[in-house]
Amino acid sequence: MGLVLQHILRKCLLFLTLHYFLTQCVSSVQRPCLDSERSALLQLKESFDLDQFASASTSAYPKFDSWKLEGQVGGDCCSWDGVECDDNTGHVIGLDLSSSFLYGSIHSNSTLFQLHHLRKLNLSDNDFNDSEIPPAIGNLSRLSQLNLSYSAFLGQIPYEVVELSKLEILDLSGNDNLQLRNPSLRSLAERLVNLKYLDLDGVNVSSMVPQSLANLSSLTYLSLRSCELHGEFPNEVFQLPNLQILRASTNKFLQGRLPEFNKNSSLEEVRLTSTGFSGELPETILNLKSLSFLGVANCSFSGQIPSWLGNLTQITTLDLGLNKFWGPIPESLFNLVNLHYISLEGNHLSGTYKLESFLNLKNLKYLQLSGNKFSLLTTPVMNVTIPKFTILALASCNLVEFPNFLSGQDELEFLDLSANKIHGFIPKWIWGLSAESLQALYLTGNLLTGFHEPTVVPPWTNLQMLDLSSNKLQGPLPIPPASIYRYSVSNNLLTGEISSMICNLPSISELDISNNSFSGMLPPCLGNLSKSLSVLNLQSNNFHGPIPQAWEKGSQLREIDLSQNELNGQIPRSLVNCSMLELLNLGNNQIEDTFPSWLGRLPELKVLVLRHNGFHGGIGKPESNEFPELQIFDLSFNKFEGGLPSHHFQRWEAMKVVDLGKLYYLQKNSGFQSPTTSWAYSIPYSMTMTKAGVVTKYEKIQDALVAIDLSSNRFEGGIPENIQILKAVQFLNLSNNLLSGPIPSSMANLTQLEALDLSQNQLSGEIPQELTQLNFLEFFNVSGNQLNGLIPQGAQFGTFESNSFEGNTGLCGKPLSKKCYPDGTSPPSTSMSQRDGGGDSWFEFGWEAILLGFGSGVVNGLVLGYYFFDPMKHKWLVSLLYMNYG
Ligand SMILES: *[C@@H]1O[C@H](CO)[C@@H](O)[C@H](O)[C@H]1NC(C)=O
Ligand SMILES: *[C@@H]1O[C@H](CO)[C@@H](O)[C@H](O)[C@H]1NC(C)=O
Ligand SMILES: *[C@@H]1O[C@H](CO)[C@@H](O)[C@H](O)[C@H]1NC(C)=O
Ligand SMILES: *[C@@H]1O[C@H](CO)[C@@H](O)[C@H](O)[C@H]1NC(C)=O
Ligand SMILES: *[C@@H]1O[C@H](CO)[C@@H](O)[C@H](O)[C@H]1NC(C)=O
Ligand SMILES: *[C@@H]1O[C@H](CO)[C@@H](O)[C@H](O)[C@H]1NC(C)=O
Ligand SMILES: *[C@@H]1O[C@H](CO)[C@@H](O)[C@H](O)[C@H]1NC(C)=O
Ligand SMILES: *[C@@H]1O[C@H](CO)[C@@H](O)[C@H](O)[C@H]1NC(C)=O
Ligand SMILES: *[C@@H]1O[C@H](CO)[C@@H](O)[C@H](O)[C@H]1NC(C)=O
């Protein structure tokens, strides 16, 4: 009863006269809450579990705790937490159960839908356990505010939503896999004509943006990020008179241009990052007197950066990154004193600028200039106040030294100075810069030779990412701080043994010390790291001795690359504990073992490379379900013997199905989270294998690549007919073995073959005419066999040269001379060359994929690329995203 009185009193204070008190309040004392609605609310309460993991907000608490029956009248439900009643009628008109730890399914029979008088409903930030939004929502026809954001709803948004014609606020953002198909966005826009606020971030709308959106004249807020929109964005939407916030980021196939803006526009924020918007920035942007946020990164805008942008003095965020802008940075930009965030990264801007000019923007926290064509001059900075940066990205800015103003920066979270020309020692003051805040430091691709104080463990307490790769660092392996998550020193001149201190890094997930001159034995404790390690790359060093034995159960490892060392002994059987392993590369060592068929039990293994070792013996019988995901299998240059493993072919499911791939690369998608920021990036897997007769280093491996290399062993017997079962194989190399018998015509069914090398065997008979059906075959080599008869003619066979066929006494026809006398024999030589493993598509697809694959895919629209130089493509690639969840 106390609560009821309190509630009434609170309301009554609003009324100033006693008269009012008597007339209005007495009536609400008589009818505090309707029995039927109280009972509906109580049943609603009963239908959910409380689970503190159901809500993410730090201010979440169980509002249901105050929902109980009290006294004789049963309690005034109008006083319950989150419940709002109409003063006159007592009906429940508002229900705010956001962030209330609700967990459980919700259906149309829920008593919630008996609360017909509801005008506001907020169920945001709970976990409705992948329920669909119940169609009975349509019964709540008085609703003007509906907020179901971030609540794990799934499936089709029910058609009944369009019956809520009084809706002014509709927020369905942040639900994985919600779809807006029927109703479509168009019917929503045509029926919900009173909308002021529409947020569909992350909903799969998968349609054009309807013209009818431009009729919603009350709209102030429109957010359609990550909605799979396509087609042309209607210009009229920009011109909605009341629109303040417009967000359409992360809709790759959405086209559009910025319109001419007029003076009465209310736009404050325009976010179009990662869309197909193109054209130039119109000067009428200056008419947007309230515009504070312009985010058009990763679009297709072009032209020079207009100097009039400097007149947009009220702007705080200007993100022009990752477009095709060229020419100089206009001086006028340095007038934008309110800027908090500016990104010009990844354009083609040129010229030479003083870093100081940017430091005059006193409010700047985020400065991203990486990946252009200009040079930054560092001058010793005068005794002036300098902005304290959070994010500073100055990759490939032709810096020759560490800018000295950095020494006063103690709030940095991200610092990227990679791909500059900074040389010499890393000064002591860098080693511990922003000691408490720094999360990621990139110094890769400079000319650094060492450290001033190498032995001290650096004092960073939150550093998770440290990349010192591709420098000229000498001396022993520097040990990173205990907070480290990813650590790379690859491509340096480091020497000495690996200290077992490396095993005292509790959080390390990715360790890359490849391409150095480390020596000695691997510390046995490396295996113990496998609970946290997911990537271990020790490739191309001088390690010797055995592979560490103790790989623990529960291992997180996905990539183990120990190739190009001098490791010997056997493969430790405990590797089978690495059940998430996708790539195992032990190539170019001195391992002496029989075929490790037990590795077939690794359910995720995609790449197995054992080339150039001392493996021996037969392949043996297959296990019942082995290598289900295997797509790259390289046993070349060993001493395997016996028949080809034809019984195994049946088991290799991934090689049996042609998957055109998604144009991704095999990689580990990775990331870590700080309180303010999500960091995401990918680590592409690499390998070396023989491709079309040439030893090729693949810096990246396309996800659809299927290759088998059994060359340079002692395999004997025939090529099994059933090899045709491996329909997805693109590269097949059986050369330099003791294979005999005919080439099976069934190989014509390997329709994806691009390279087929059967050279240097004892194959006999004719080359099957059917092989001309192999439309993708670019490389074919049967030299050094005992084949005879006519070489198949036509199709791809018209493109092969005579050395593909030489060394077979009985072959005749083009490209050989008709008389079938080959002129001289020269077996294919193996030469080192570096060739590209794939196309340009990683940039376009892999990057988007990470963005979409991360969380709900809804990000604030600020993107930070980390640039690294791809020696294969001679271009800069973006590998890191910075996502600031709003
Ligand atoms: C959540 O959904 C799963 C799968 O449909 C179901 O098994 C489980 O019982 C549901 N939990 C609750 C609390 O509704
Ligand atoms: C409500 O409907 C769901 C699904 O139709 C059903 O599983 C559940 O038992 C129903 N609950 C009640 C209280 O009738
Ligand atoms: C919702 O409305 C439908 C008709 O549109 C009706 O059949 C149903 O009983 C109503 N549900 C509730 C809970 O009032
Ligand atoms: C929906 O509710 C959440 C609280 O969980 C809030 O942050 C968000 O702003 C609300 N949406 C609208 C449109 O008010
Ligand atoms: C719930 O959503 C409504 C809008 O739908 C909003 O006004 C209200 O502030 C939200 N509640 C909370 C606690 O954020
Ligand atoms: C979105 O919906 C379309 C059409 O149903 C579908 O093709 C696409 O795969 C969906 N996207 C996602 C990410 O689920
Ligand atoms: C920008 O501002 C300068 C000085 O305030 C002014 O002279 C110039 O005309 C303005 N330019 C535009 C395009 O408005
Ligand atoms: C810089 O300013 C600080 C205080 O603002 C002062 O203590 C210091 O002496 C100045 N240094 C120089 C070189 O002027
Ligand atoms: C290719 O496969 C089909 C069906 O599996 C089979 O009928 C055909 O004979 C095969 N072709 C050759 C050349 O073996």
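Remember, predicted model here, so these are calculated numbers, not experimental data. Order of listing sets the numbers, starting from 1, for every ligand and every atom in it.
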Indicate whether any N or O donor in one side chain lies under 3.5 Å from an N or O acceptor in the other, for S98 and D96. yes
Short side-chain donor-acceptor distance under 3.5 Å, S59 and S57: yes
Which of the atoms in ligand 7, numbered in the order shown and given with their element, are less than 4.0 Å from a heavy-atom of [X]?
| X | answer |
| --- | --- |
| N311 | 1 (C), 2 (O), 3 (C), 8 (C), 10 (C), 11 (N), 12 (C), 14 (O) |
| E283 | 13 (C) |
| L286 | 12 (C), 13 (C), 14 (O) |

pair N323-S302: side-chain heavy atoms closer than 4.5 Å: no
Audit row: F334, F358, ring-ring contact (aromatic ring centres under 6.0 Å, His included) steps and yes/no: CA-CA 7 Å; F334 302 123; F358 290 96; 4.8 Å; yes
For ligand 6, which atoms have a heavy atom of [X] less than 4.0 angstrom away?
| X | result |
| --- | --- |
| N204 | 1 (C), 2 (O), 3 (C), 8 (C), 10 (C), 11 (N), 12 (C), 14 (O) |
| E228 | 1 (C), 11 (N), 12 (C), 13 (C) |
| S206 | 2 (O), 3 (C), 4 (C) |

Could you tell me if the ring centre of F101 sits under 6.0 Å from that of F48? no
Carefully, step by step, assess S149 and S124 under the rule side-chain hydrogen bond (donor to acceptor under 3.5 Å, both in side chains). CA-CA 5 Å; S149 60; S124 154; 3.1 Å; yes
Full working for ring-ring contact (aromatic ring centres under 6.0 Å, His included) between Y341 and F293: CA-CA 9 Å; Y341 179 112; F293 191 119; 7.5 Å; no
Could you tell me whether W308 and ligand 7 have an N or O pair separated by under 3.5 Å? no
For the Cys pair C33 and C85, is the SG-SG distance shorter than 2.5 Å? no
Heavy atoms of other groups near K63 NZ, more than 12 under 6.0 Å: yes
Could you give the N/O to N/O pairs under 3.5 Å linking ligand 5 and the protein, each with its distance?
{"residue": "ligand 5", "atom": "2 (O)", "partner": "N122", "partner atom": "ND2", "Å": "2.3"}
{"residue": "ligand 5", "atom": "2 (O)", "partner": "N147", "partner atom": "ND2", "Å": "3.0"}
{"residue": "ligand 5", "atom": "11 (N)", "partner": "D96", "partner atom": "OD2", "Å": "2.8"}
{"residue": "ligand 5", "atom": "11 (N)", "partner": "N122", "partner atom": "ND2", "Å": "2.9"}

